[in-house]
Amino acid sequence: MDPLDCLYRAVELTTGDARPVDAICADIASLLPASLLHDDVAVARIVVDGREQRSASWQTPVAALRAPIRVDDRDFGFVEVGVNAARPDESGGEGPFLREERALVNAVATHIARMIGNRRMAETLIQSERLRSVGELTGGVAHDFNNLLTIILGNAEILAERLEERPDLRPLAETTMSAAERGAELTSRLLSFARRQVLAPAATDINRLVASMGGLLRRTLGEQIEIETLLGEGLRLSLVDAPRLENALLNLCINARDAMPQGGRLTVETRNVDIDADEAALHDDFEPGRYVMIAVSDTGTGMTPEVLARAFDPFFTTKDVGKGSGLGLSMVYGFVKQSKGHLSAESVPGAGATIRLYLPEATGVEFTAESVPHAPIPPGGTEKILLVEDDDLVREHVQAQLKALGYRVVAMANGPDAVAILRTGEDFDLLFTDVVMPGGMNGRELADEARQLRPDLPVLFTSGYTEDAILIEGRLDSSVHLLSKPYRRQELATKIRDVLGDC
């Protein structure tokens, strides 16, 4: 075969063939020997990501010519041709290979690299599109679902209190509350995977956070799990939502425990990591910079490459039915990505797994070592509240809750009606509004209009799914007050007093 014909065939395989990369490389490796001058003693192989494809009758050549396969400045492997026996030097003193043969091997390596790069880009786009679609679907479901859960949870709570003297009926109300809270947790995990949860990042001492979880981990994981912590010295502060990070680490530790049914060792390690541009280029959505790394390792059953490739997909689980929702790792993945960090996973079947979280360093953010406890908050008040909620059932329910707390309430179904009553000059002490509303005016736009009329009017937002209307780069601004649905009556009472007390 003429070298040029071989190159054309290689180009055709790497641009128009949808088969796996290994299958395509196997075909190219079988083609290459026939394109060399002494094809009777020629052999070829192609190595990609450690997987090798060889031509027929392969044996280690006595002379070889190799070209690297480079994708985004990373070596993915190489293309190699060689001869199994010495042959006359017909290359004009340039060695046993002709200039055309050198050009062929380089060109084939270039086209294989282009194929791999195109496929990686396509996979990234597909993943991004899938995430966007899941996010949009999740947002809509969460909004409606959490509206319903707000009513269910609130009414179940009232029933449980009023059935204090009815031991035959009170457990029913308590079961309803428990089911509503589980539904809310499921929705929260979906939003976390879709990177649509509300984050309130602050400068956080990761070593301190990990150390504080020691008791919780021992109680949760059980005595059969040995827990080891390796806390790095001089650890930087990290910009992260600390409560959600605790939840993410707890999920990772529980997954690790489940992978060690006969017991084992769990290791949590922290250290500073600097990621340069070359290393960042090897991963998707990873920016160069200074990070705090948290690694959770176990000595469990490990994961096969096929399972590892899907470990962070929502609803994917290898556990038995009823043993897990498949949202634990996907929640961690979404949280880390929304925190502008990175996540990696390594595993060997039978030898355990390691999950590493890379969280950005906190720069220019003040660190508060201890939170100041709030004084006891009164359960209610007599202030006048403008309530804006488009869902009729939710509006009636929340209005009843507020009145039961002693507040005077005027309820509206949409933003324009709320603006109209503000323009009449009626006095209010608080605007309590949903974020996501139809009618051309969301909660943020309503708040902006209200503050034009009443600059001193405090605003409390509520939502079962917070879209970008009240977020800055996916995070809650420190000046914004938000009560996420579903919520208990005490949470409602506490948040309202918090907002009124701050203003």
inquiry  = Would you say that P61 contacts N84 through its side chain, given a criterion of any heavy-atom pair below 4.5 Å between the two side chains?
reply    = yes
Next item on the list: Please assess L217 against I225 for the test side chain to side chain contact (heavy atoms under 4.5 Å, CB included), listing each intermediate value before the final yes or no.
Entry: CA-CA 10 Å; L217 292 179; I225 304 298; over 6 Å; no
Can you find a heavy atom in the side chain of M115 that is under 4.5 Å from one in the side chain of I24?
yes
Worksheet entry | Evaluation steps, side chain to side chain contact (heavy atoms under 4.5 Å, CB included), between D276 and D274 | CA-CA 6 Å; D276 59 24; D274 294 333; over 6 Å; no
CD1 (I355) and OG (S347) are apart, to the nearest 0.5 Å, by 7.5 Å
Could you check if a side-chain atom of N247 sits within less than 4.5 angstrom of a side-chain atom of F335, using non-hydrogen atoms only? no
Next item on the list: Mind telling me whether Y358 and Y291 have parallel, tilted or perpendicular rings, with 30° and 60° as the class edges?
Entry: perpendicular
For this session: State, with a plain yes or no, whether a side-chain heavy atom of N442 is found less than 4.5 Å away from one of V436.
Result: no
Between T220 and C253, is a side chain to side chain contact (heavy atoms under 4.5 Å, CB included) present by the stated rule, with each step listed? CA-CA 9 Å; T220 303; C253 293; over 6 Å; no
The reported gap from OG1 in T150 to CG in N146 (rounded to nearest 0.5 angstrom) is 6.0 Å
Subject >> Exceeds 12 heavy-atom contacts within 6.0 angstrom, atom CZ of R356 >> reply: yes
I'd like to check L209 versus L249 (side-chain heavy atoms, cut-off strictly below 4.5 Å). Are they in contact? yes
request  = Could you tell me whether the side chain of L32 reaches within less than 4.5 Å of the side chain of S55, counting heavy atoms only?
outcome  = no
message: Between V332 and L343, does the side chain to side chain contact (heavy atoms under 4.5 Å, CB included) criterion hold? Intermediate values first, please.
response: CA-CA 9 Å; V332 176; L343 182 148; 3.8 Å; yes
Checklist entry - Think R66 forms a cation-pi with F78, using NZ or CZ under 6.0 Å from the six-ring centre and within 45 degrees of its axis? => result yes
Could you tell me whether the side chain of L483 reaches within less than 4.5 Å of the side chain of F461, counting heavy atoms only? no
When rounded to the nearest 0.5 Å, the distance separating CZ of R54 from CD of E80 is 10.0 Å
Rounding to 0.5 Å, atoms CG (D241) and CD (Q338) come to a distance of 9.5 Å
Hey, is CD on E228 packed in by over 12 heavy atoms from elsewhere, all under 6.0 Å? yes
Separation between CG (L153) and CD (E181), nearest 0.5 Å, reads 5.5 Å
* Flag, side chain of N272 to backbone of R236, donor-acceptor distance under 3.5 Å -> yes
**Request:** Verify the neighbour count for atom CZ of R51: are there more than 12 heavy atoms of other residues, nucleotides or ligands below 6.0 Å?
**Result:** yes
In this structure, CG of L359 is separated from OG of S339 (nearest 0.5 Å) by 6.5 Å
Looking at M437, is its backbone amide N or carbonyl O close enough to the side chain of D434 to form a donor-acceptor pair, meaning the two atoms are under 3.5 Å apart?
no
